[in-house]
Q: 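Below is a structure I'd like to ask you about.
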Amino acid sequence: MTGWIILLGILLLLFLLTLVRVGVEFSYGEEGVSLRIRLGRFRITLLPQKPKPEKKNQKAKKTKPKKEKKKKEPKAEPVEEQKKGGLPLPLMELISLAIDAVGQLLSRLQIDTLEIRYTIAGKDDPANAAIQYGMICAGAGGLVPVLENTFYCIKRRDIDARVDFEARESLIWLRLALSIRIGQVLSIALRLGWRFLRSYLAHQKENQNEQQKEHQEGTNHGTEASDQ
C-alpha cells in the first residue's frame, strides 16, 4: 500500500511540474536592457549583471628570482584520424520539422505582458513629430492582430505613443514577457522527436535496401562474367 501511495505522489508531482510556466522577461528603458528567466514564481536575472566585489589589496609578496628553465622542443601532435559521418537525412524533411517546431512553439507561447511607451520629441520639428505619431499609431493597430494570430494569447497589453513638444530626444520604454507550460514543451518535443525517429529509420532502411541492391547487382555481374 505504501508503494502505491509513493507512486501516486510521484505521478502527482510530475503532473504539477508540467503545469509550471517557464519563460523570459525583457525590458528596455532609461536604465538599459534587463533580461530575466522565469521558472514558476522564481526569477533569474541575466542582465544587467551584478558588479563583482573588488578584492582588497594584498601586500606585495617577495618574489624569488626564477631559475631559467631549459626550453623543451615541441612534440609533434598525433594526427587524428578523420571520422566518417553518417548518411544525412533529406534536407526538406529537416526543414519541415524545424518550421513545424517553431510554429507549434509560437502557437502555445503566451504573451503575459506587452508594454510599449514611445515619446516622440517635437521641439525641433513639430510637423515631423505629428507624422511619426500617426505612423506609429497605424503600425501598432496592425501589429496587435498579427501577434494575436501568431501567439496563444496576450494577457496584458499597453501600447501608448505621445508627442512631447518640449523634448529634443525621443524616448522608448519596452517590456515584453513570454511564457509557456513545461508540459506543452514536452508535448511538442515528443511529437517532433517521434516524427524525426520515424523519418530517420525510414531513411536508414532505404539506404540499406539500396546497398543490398547494389551488392546483389555486383554479384550477378560477377557471375555472368565468370560464365563467359
Q: Does the side chain of I180 come within less than 4.5 Å of V22's, by heavy atoms?
A: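 Yes, side chains in contact.
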Q: Look only at the side chain of D100 and the backbone of S96, and say whether a donor-acceptor pair between them is shorter than 3.5 Å.
A: no
Q: Going by side-chain hydrogen bond (donor to acceptor under 3.5 Å, both in side chains), name the pairs with one or both residues in residues 9-34, residues two or more places apart or in two chains.
A: R21-S179, E25-R36, E25-R43
Q: Are V163 and W173 connected in a single hydrophobic cluster, I mean Ile/Leu/Val/Met/Phe/Trp/Tyr linked by side-chain heavy atoms less than 4.5 Å apart?
A: no
Q: For a salt bridge (Lys or Arg N to Asp or Glu O under 4.0 Å) check, start with the C-alpha distance between E148 and R157, then their side-chain angles and the critical distance, and finish with the verdict.
A: CA-CA 11 Å; E148 290 177 341; R157 180 179 73 239; 3.3 Å; yes
Q: How long is the straight-line distance from CD of Q184 back to CG of L109, given to the nearest 0.5 Å?
A: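 If I round to the nearest 0.5 Å, the distance is 8.5 Å.
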Q: Any chance you could lay out the side chain to side chain contact (heavy atoms under 4.5 Å, CB included) test for D164 and I120, step after step, and finish with the verdict?
A: CA-CA 6 Å; D164 187 354; I120 305 168; over 6 Å; no
Q: Taking the side chain as C-beta and beyond, is there a heavy-atom pair between I159 and Y118 under 4.5 Å?
A: no
Q: I95 versus I99: any side-chain heavy-atom pair under 4.5 Å?
A: yes
Q: Please test R175 against D158 for salt bridge (Lys or Arg N to Asp or Glu O under 4.0 Å), starting from the C-alpha separation and ending with a verdict.
A: CA-CA 10 Å; R175 184 184 178 193; D158 183 10; over 6 Å; no
Q: Could you tell me whether a side-chain N or O of R38 sits under 3.5 Å from a main-chain N or O of G40, the two making a donor and an acceptor?
A: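 Indeed, once roles are kept as given, a pair shorter than 3.5 Å links the two residues.
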Q: Share the residues that join L11 in a hydrophobic cluster, the rule being Ile, Leu, Val, Met, Phe, Trp or Tyr side chains under 4.5 Å apart at the heavy-atom level.
A: W4, L7
Q: List the atom pairs, with distances to 0.1 Å, where a side-chain N or O of residues 124-138 and a protein N or O form a donor-acceptor pair under 3.5 Å, not counting sequence neighbours.
A:
unit_1	atom_1	unit_2	atom_2	d
D124	OD1	R168	NH1	2.6
D125	OD1	N128	N	3.2

Q: Are V144 and L106 connected into the same hydrophobic cluster when the rule is that any two of I, L, V, M, F, W, Y join if their side-chain heavy atoms are below 4.5 Å apart?
A: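 In one cluster with L106: V144, yes.
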Q: Same cluster or not: are L176 and L147 linked, directly or through other Ile, Leu, Val, Met, Phe, Trp or Tyr residues, by side-chain heavy atoms under 4.5 angstrom apart?
A: yes
Q: Is the CZ atom of F151 crowded by more than 12 outside heavy atoms at less than 6.0 Å?
A: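 Yes, CZ of F151 has more than 12 neighbouring heavy atoms, counting only those of other groups under 6.0 Å.
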Q: Quick check: closest heavy atoms across K123 and E166, and the distance to 0.1 Å?
A: CD-O, 3.6 Å
Q: Hey, does I188 have a side-chain heavy atom less than 4.5 Å from the side chain of R108?
A: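 Touching, per the 4.5 Å side-chain cut-off.
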Q: Let's go through R195 and L197 carefully: what are the C-alpha distance in whole Å and the side-chain angles of both, what is the deciding distance for side chain to side chain contact (heavy atoms under 4.5 Å, CB included) to 0.1 Å, and is it a yes or a no?
A: CA-CA 5 Å; R195 278 183 54 187; L197 182 60; over 6 Å; no
Q: Counting C-beta onward and ignoring hydrogens, is there a side-chain heavy-atom pair between I37 and L46 closer than 4.5 Å?
A: yes
Q: Checking L12 against I10 for the side chain to side chain contact (heavy atoms under 4.5 Å, CB included) test, could you report, in this order, the C-alpha distance in whole Å, the side-chain angles of both residues, the deciding distance, and whether it holds?
A: CA-CA 5 Å; L12 179 61; I10 293 173; over 6 Å; no
Q: Going through the checks in order, is the side chain to side chain contact (heavy atoms under 4.5 Å, CB included) test met by I172 and T119?
A: CA-CA 6 Å; I172 187 170; T119 304; over 6 Å; no
Q: Do side-chain atoms of S107 reach the backbone of Q104 as a donor and acceptor pair under 3.5 angstrom?
A: yes
Q: Once rounded to the nearest 0.5 Å, what's the spacing between atom CG of L171 and atom CZ of R162?
A: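 Between L171 CG and R162 CZ, I get 9.0 Å after rounding to 0.5 Å.
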Q: Same cluster or not: are L178 and Y152 linked, directly or through other Ile, Leu, Val, Met, Phe, Trp or Tyr residues, by side-chain heavy atoms under 4.5 angstrom apart?
A: no
Q: To the nearest 0.5 Å, tell me how far K155 NZ sits from L114 CG.
A: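 If we round to the nearest 0.5 Å, K155:NZ and L114:CG are 14.0 Å apart.
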Q: If we ignore hydrogens and angles and just use 3.5 Å, is the side chain of T150 paired with the main-chain N or O of V146 as donor and acceptor?
A: yes
Q: Considering all heavy atoms of both residues, which atom of L192 and which atom of A101 are nearest to each other, and what is their separation?
A: CD1-CB, 3.1 Å
Q: Would I154 and L143 show up in the same hydrophobic cluster when neighbours are defined by side-chain heavy atoms closer than 4.5 Å?
A: yes
Q: Looking at G142 and P145, what are the two nearest heavy atoms and their distance?
A: O-CD, 3.5 Å
Q: Rounded to the nearest 0.5 Å, how far does NE2 of H203 lie from OG of S199?
A: 8.0 Å
